[in-house]
Each structure stands twice: as structure tokens, then as C-alpha cells.
Amino acid sequence: KYYPPDFDPAKIPKLKLPKDRQYVVRLMAPFNMRCKTCGEYIYKGKKFNARKETVQNEVYLGLPIFRFYIKCTRCLAEITFKTDPENTDYTMEHGATRNFQAEKLLEEEEKRLQKEREEEELNNPMKVLENRTKDSKLEMEVLENLQELKELNQRQANVDFEAMLKQYKEYEEEQKRREQE
């Protein structure tokens, strides 16, 4: 490109774009949901042309939070959801209900129990000792079960497949002889 000697890039006018500008993006539904107006199920992975905007006055550790607008495939009702970087997930805003997710609830329950255990251990040194003994007992039981499984596998490994095949061949030959007789 040719730039004349008197060219000054500072004199080029800047585009005045609004901060809440919406972009059209192609995305997949991040979770199973059900439309509130018509009851249509929208499954995870269904592709949509969505409008995307940055949510104003909401950031998480410097990360912007985005809002997505999609339309129901049957009734064309608007469904919105946001990114949730704190939980590495999405949150449903309106237009649909998120279907039940057992895995997510289990993870949250495990985290809650772990926090309770840590808080108990901070306040009570005897609880630390009790938890350690429980953990060691559980580990010993797991090791015993593993040893039993290994022994069971060893017993099954001692099966002589060649002898079984030979015996089956003999049985087939005897059946053939009977048929011929």
C-alpha cells in the first residue's frame, strides 16, 4: 500500500460503537432445557444462531460475562442465558427451564461435605485424627478387596483353554460318529 508523506493515522476518525453492541454468533445449546411457552425440549449440542452481548457491570476476576439470546425451535420464543465463569458453566435467565442434572448436584454436595470436614478439622484436632483413622481403614478395605479380586483373576487364569478345546473337539467327533452309526 502507498502511504503519502503527509499521512497522519491520528486524523482518521474512530468508529463510535456502543459498548452493549450485539453480535450474531453460531453456538450450541450448553445444556438440556425446556421452553416455558411451548414445552419444547432443546437438547445439549443443538445449534443456534444467537445474539451475543457483553453484560454491563458484571465481571468475574476481570473476565467479561456474556449473555446469549436464542429462539425456541418450535414457537420462536426468546431464551436467554449467561456465562458463569465462577462455576465454569452457564446460568439460565429466562424463557426456558434447565433440565435436571444429577452430576452437578453430586459435585456440589461433595464440595459442601469437603468444606464442612475441613472446617471441623480446623476447629477440632481430635477430628483430624478420627478422619485419618477412618481414611486409613477405608484404604485397607479397598486394598483387601483389590487383593481378593486379584486372587479371583488368578484362579480364572489357571483355566486351561487348550484342554477345554480338545475336550470339545472330542465331544464333536463322538457326536459325528453317533450320527454316522
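This one's a predicted model, so the numbers in the text were calculated from it and none came from an experiment. Residue numbers count from 1 along this sequence.
- Contact check for T97 versus K36: side-chain heavy atoms found under the 4.5 Å cut-off.
- No more than 12 heavy-atom neighbours from other residues, nucleotides or ligands sit within 6.0 angstrom of CG on N57.
- Partners of E174 by salt bridge (charged side-chain N to carboxylate O under 4.0 Å, His left out), not counting sequence neighbours, listed by chain and number: R178.
- Taking CD of E121 as the start and NZ of K127 as the end, the distance is 9.0 Å to the nearest 0.5 Å.
- A salt bridge between D135 and R117 is present, with a side-chain N of the basic residue lying under 4.0 Å from a carboxylate O of the acidic one.
- Just one residue in the list R74, R34, K71 forms a salt bridge (Lys or Arg N to Asp or Glu O under 4.0 Å) with E40, and that residue is R74.
- More than 12 heavy atoms of other shown residues, nucleotides or ligands fall within 6.0 angstrom of atom CZ in F7.
- Side-chain contact check for K115 versus K111: every heavy-atom pair is 4.5 Å or farther apart.
- A 6.0 Å sphere centred on CD of Q154 holds no more than 12 heavy atoms belonging to other residues, nucleotides or ligands.
- Side-chain atoms of I70 and M33, non-hydrogen and from C-beta on, do get closer than 4.5 Å to each other.
- Residue E118 holds its CD atom at 11.0 Å from CD of E120, rounded to the nearest 0.5 Å.
- Scored by the side-chain hydrogen bond (donor to acceptor under 3.5 Å, both in side chains) test, Q22 finds R51, E53 as partners (sequence neighbours excluded).
- Scanning both residues, P64 and V59, for their nearest heavy atoms gives CA-CG1, 4.3 Å.
- Expressed to the nearest 0.5 Å, how far CZ of R177 lies from CD of E179 amounts to 12.0 Å.
- Within a 6.0 Å sphere centred on CD of E109, heavy atoms belonging to other residues, nucleotides or ligands number more than 12.
- Residues satisfying the side-chain hydrogen bond (donor to acceptor under 3.5 Å, both in side chains) test with E172, not counting sequence neighbours, are Y168.
- With sequence neighbours excluded, no residue satisfies side-chain hydrogen bond (donor to acceptor under 3.5 Å, both in side chains) with Y43.
- By the rule that hydrophobic residues join a cluster once side-chain heavy atoms approach within less than 4.5 Å of another member, V25 and F48 end up as members of one cluster.
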With side-chain contact (heavy atoms from CB on, under 4.5 Å) as the criterion, how do K150 and L146 come out once you've worked through the C-alpha distance, each side chain's angles and the decisive distance to 0.1 Å? CA-CA 6 Å; K150 283 183 179 178; L146 185 64; 4.3 Å; yes

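- In this structure, I42 CD1 and F31 CZ are separated by 9.5 Å, a value rounded to the nearest 0.5 Å.
- T83 contributes atom OG1, which lies 12.0 Å from atom OH of Y60 (distance to the nearest 0.5 angstrom).
- Linking ILVMFWY residues whenever their side-chain heavy atoms come closer than 4.5 Å, directly or via other members, leaves I65 and Y69 in distinct clusters.
- Here the straight-line distance linking atom OG1 of T80 with atom NE2 of H94 works out to 4.0 Å at 0.5 Å rounding.
- With respect to the salt-bridge test (charged N to carboxylate O, under 4.0 angstrom), the residues R112 and E108 do not qualify.
- No more than 12 heavy atoms of other residues, nucleotides or ligands sit less than 6.0 Å from atom CD of Q167.
- E107 meets the salt bridge (charged side-chain N to carboxylate O under 4.0 Å, His left out) test with no other residue; sequence neighbours excluded.
- Counting only heavy atoms from C-beta outward, the side chains of Y90 and F68 approach each other to under 4.5 Å.
- The cluster map of Ile, Leu, Val, Met, Phe, Trp and Tyr, joined by side-chain heavy atoms under 4.5 Å apart, puts I79 and L27 in the same cluster.
- The side-chain hydrogen bond (donor to acceptor under 3.5 Å, both in side chains) search around N145 returns none, not counting sequence neighbours.
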